**Q** 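Structure below; questions to follow.
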Amino acid sequence: MTLASKAKVAIVGYRGMVGSVLVNRMLEEDDFALIDATFFSTSTHGTPAPKVGKYDLGLIGDANSVEELSKYDVVITCQGGDYTNEIHPKLRATGWQGYWIDAASALRMKDNVSLILDPINKEQLKQAIAQGQKDFAGANCTVSLMLIGLGGLFTKGLVESAIVSSYQAASGAGAANMRELVEQFGAIYNDVAEDLADRSKTMLDVAAKVQTKLSTDLPAPYFGAPLAASLIPWIDAQHDHGFTKEEWKGHVETNKILGFADNTIKVDSTCVRVGVLRSHSQSITLKLKENLSVEQIEQLIAEHNKWAYLVPNEKQATLEKLTPTAVSGTLNIAVGRVRKLSLGEEYVSIFTVGDQLLWGAAEPLRRMLRLVLDAPLDY
Ligand code: NAP
């Protein structure tokens, strides 16, 4: 069953990174014309909502009030997993029958929850709505970006396994972490600005000073270690068998989105936080089930959806188009460096970059809202 238009929609976490990108995208696509929206927050409730284009959304609701939320047809939350674990069961316990659309990972692996990535699994999502399912969760950002970028291979059953090395931006961890990274860049620069201007100083002098700053005096309360001028090969909590939770998600969520049993496609990842502000990159080694040429692979990728954007495997094109700088703020998933590997004819290496705040987080949520409203979507 889908909802009639002008459904009452609670947008929880509107001011976080995912929430603010979501609101911008909803404005760009005029989603607010379809709904009666209210912003919710755990900390700014009771104050007037920021103006959203021509829409005045009244006062901000209390995101911790189950009673208030239960008056809504749809709750879209970008608040985080702890919030979901706290509020979702209480809301359902009231008998609330609305749709819960969630950016967090808390509900993702539950049986009665579908992962939202409609360019890949639109039919699965439509079927779930028709069967009365009410809980939907956006998938892990790197998984969503990989599947849209390489949908032409994954959805055709051509992939046997994947080894992924990710290069994930600070924005994947939220607004406070982004601020921390920029402040770290500033603190490092301020420390060496005079030395850089003084031509008698060598880069070895400057580097030594930066190293001292990094190891002794660079606050990192959110990341736990300096990220500027460094990297952190650990994302999220510890999981079993030496994997982090982020790496485990790559495996289980890929199969779930595709509607496959767990382990159908094996995905092994090493997930690394790097000093990029926005947009995640991934180096992916695929083992294909067939010996396809580079041209065939590129054609399958390009034909699958309008967001996967092929970059020729050339230096200039790569510098211009296959970087976080090039894709940030766009829905394009750049796919390049496509080449066969000397490991064997079925191995292919691909590098892909996408804005994880868009296709990796906010965009699937607003599209799921349109699916439950039975409103048009572009493909
Ligand atoms: P975030 O930026 O930290 O925002 C989460 C909440 O933090 C906000 O809604 C806000 O809630 C509060 N907050 C506290 N101080 C803030 C400040 N200075 N600026 C803005 N908000 C502040 O987190 P997020 O990156 O949007 O992630 C939200 C959820 O989406 C998480 O579960 C995350 O795992 C998931 N997700 C994130 C990404 C990504 O790329 N970031 C991708 C996929 C999924 P109140 O208004 O209630 O205080």
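Computed from a predicted structure; not experimentally measured. Counting convention: from 1, in listed order, for ligands and their atoms alike. Quick note: residue numbers are just sequence positions, from 1.
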**Q** I'd like to know if the side chain of Glu123 pairs up with that of Gln127 as donor and acceptor (distance under 3.5 Å, no hydrogens or angles considered).
**A** no
**Q** Side chain, backbone, both or neither: which part of Ala176 has a heavy atom under 4.0 Å from ligand 1?
**A** neither
**Q** State the atoms of ligand 1, each with its element, that fall below the 4.0 Å cut-off from a heavy-atom position in Ala175.
**A** 1 (P), 2 (O), 3 (O), 19 (N), 20 (C)
**Q** Would you mind checking which non-hydrogen protein atom is closest to atom 31 (C) of ligand 1, with the distance to 0.1 Å?
**A** Gly80 CA, 3.7 Å
**Q** Heavy atoms only, cut-off 4.0 Å: how does Ser41 contact ligand 1, side chain, backbone, both, or neither?
**A** both
**Q** Evaluating non-hydrogen atoms only, which member of Arg278, His45, Gln79, Arg15 is closest to atom 5 (C) of ligand 1?
**A** Gln79
**Q** Angle between ring planes, Phe32 versus Tyr55, binned at 30° and 60°: parallel, tilted or perpendicular?
**A** tilted
**Q** Compute both the distance and the angle, then confirm whether Arg370 meets the cation-pi test with Tyr99: under 6.0 Å from the six-membered ring centre, within 45 degrees of the axis.
**A** no
**Q** Going by atom types alone, do Glu67 and Ser70 pair a side-chain donor with an acceptor below 3.5 Å?
**A** no
**Q** Using a strict 4.0 Å cut-off to heavy atoms of Ser171, name the atoms of ligand 1 that fall inside it.
**A** 39 (C), 40 (O), 41 (N)
**Q** Write out the residue and atom name of the closest protein heavy atom to atom 44 (C) of ligand 1, then the distance separating them to 0.1 Å.
**A** Ala103 O, 3.4 Å
**Q** Find all atoms of ligand 1 within a distance of less than 4.0 Å from any non-hydrogen atom belonging to Gly81, and give their numbers and elements.
**A** 32 (O)
**Q** Count the heavy atoms belonging to other residues, nucleotides or ligands that lie under 6.0 Å from CD of Gln133, then report whether that count exceeds 12.
**A** yes
**Q** Tell me, which protein residue and heavy-atom name are nearest atom 4 (O) of ligand 1, and how many Å apart are they?
**A** Gly16 CA, 3.3 Å
**Q** I'd like to know if atom 7 (O) of ligand 1 has any protein heavy atom within a distance of less than 4.0 Å.
**A** no
**Q** Does Cys78 come within less than 4.0 angstrom of ligand 1, counting non-hydrogen atoms of the residue?
**A** yes
**Q** Heavy atom to atom 37 (C) of ligand 1, shortest distance: which of Thr77, Leu358, Val18 holds it?
**A** Val18
**Q** Check the side chains of Ser43 and Arg15 for a donor-acceptor pair under 3.5 angstrom, ignoring hydrogens and angles.
**A** yes
**Q** Rounded to the nearest 0.5 Å, how far apart are OG of Ser269 and CG of Asn140?
**A** 8.5 Å
**Q** Can you sort out which atoms of ligand 1 are near Ala104, meaning under 4.0 Å from one of its heavy atoms?
**A** 32 (O)
**Q** Show the atoms of ligand 1 that are less than 4.0 angstrom away from any heavy atom in Gly360.
**A** 42 (C), 43 (C)
**Q** Numbering the atoms of ligand 1 from 1, which are under 4.0 Å from a heavy atom of Leu357?
**A** 39 (C), 40 (O), 41 (N)
**Q** Should the heavy atoms of other residues, nucleotides or ligands under 6.0 Å from OH of Tyr309 be counted, would the total exceed 12?
**A** no
**Q** Find all atoms of ligand 1 within a distance of less than 4.0 Å from any non-hydrogen atom belonging to Gly174, and give their numbers and elements.
**A** 1 (P), 2 (O), 3 (O), 23 (O), 25 (O)
**Q** For the 3.5 Å polar cut-off, considering only N or O atoms, please tell me whether Ala361 and ligand 1 meet it.
**A** no
**Q** Return the CG to OG distance between Asp355 and Ser279, rounded to the nearest 0.5 Å.
**A** 4.0 Å
**Q** To which protein heavy atom is atom 48 (O) of ligand 1 closest, and what is the distance rounded to 0.1 Å?
**A** Ser43 OG, 2.5 Å
**Q** With the threshold set strictly below 4.0 angstrom, can you tell me whether any protein non-hydrogen atom sits that near atom 26 (O) of ligand 1?
**A** yes
**Q** Does CD in Gln299 sit with more than 12 non-hydrogen atoms of other residues, nucleotides or ligands closer than 6.0 Å?
**A** no
**Q** Taking distance alone, with N or O pairs closer than 3.5 Å, would you say Tyr14 contacts ligand 1?
**A** no
**Q** With a 4.0 Å cut-off, would you call Asp73 and Lys8 a salt bridge?
**A** no
**Q** Run the numbers for me: atoms of ligand 1, each under 4.0 Å from some heavy atom of Gln356, listed by number.
**A** 40 (O)
**Q** Less than 3.5 Å between some nitrogen or oxygen of Met17 and one of ligand 1, yes or no?
**A** yes
**Q** With a cut-off of under 6.0 Å to the ring centre and 45° to the axis, is Lys340 in cation-pi contact with Tyr347?
**A** no
**Q** Does the protein place a non-hydrogen atom closer than 4.0 angstrom to atom 40 (O) of ligand 1?
**A** yes
**Q** Is atom 22 (C) of ligand 1 less than 4.0 angstrom from at least one protein heavy atom?
**A** yes
**Q** Salt bridge check: are Arg366 and Glu363 linked by an N-O gap of less than 4.0 Å?
**A** yes
**Q** Is the shortest side-chain N to carboxylate O distance from Asp374 to Lys126 below 4.0 Å?
**A** no
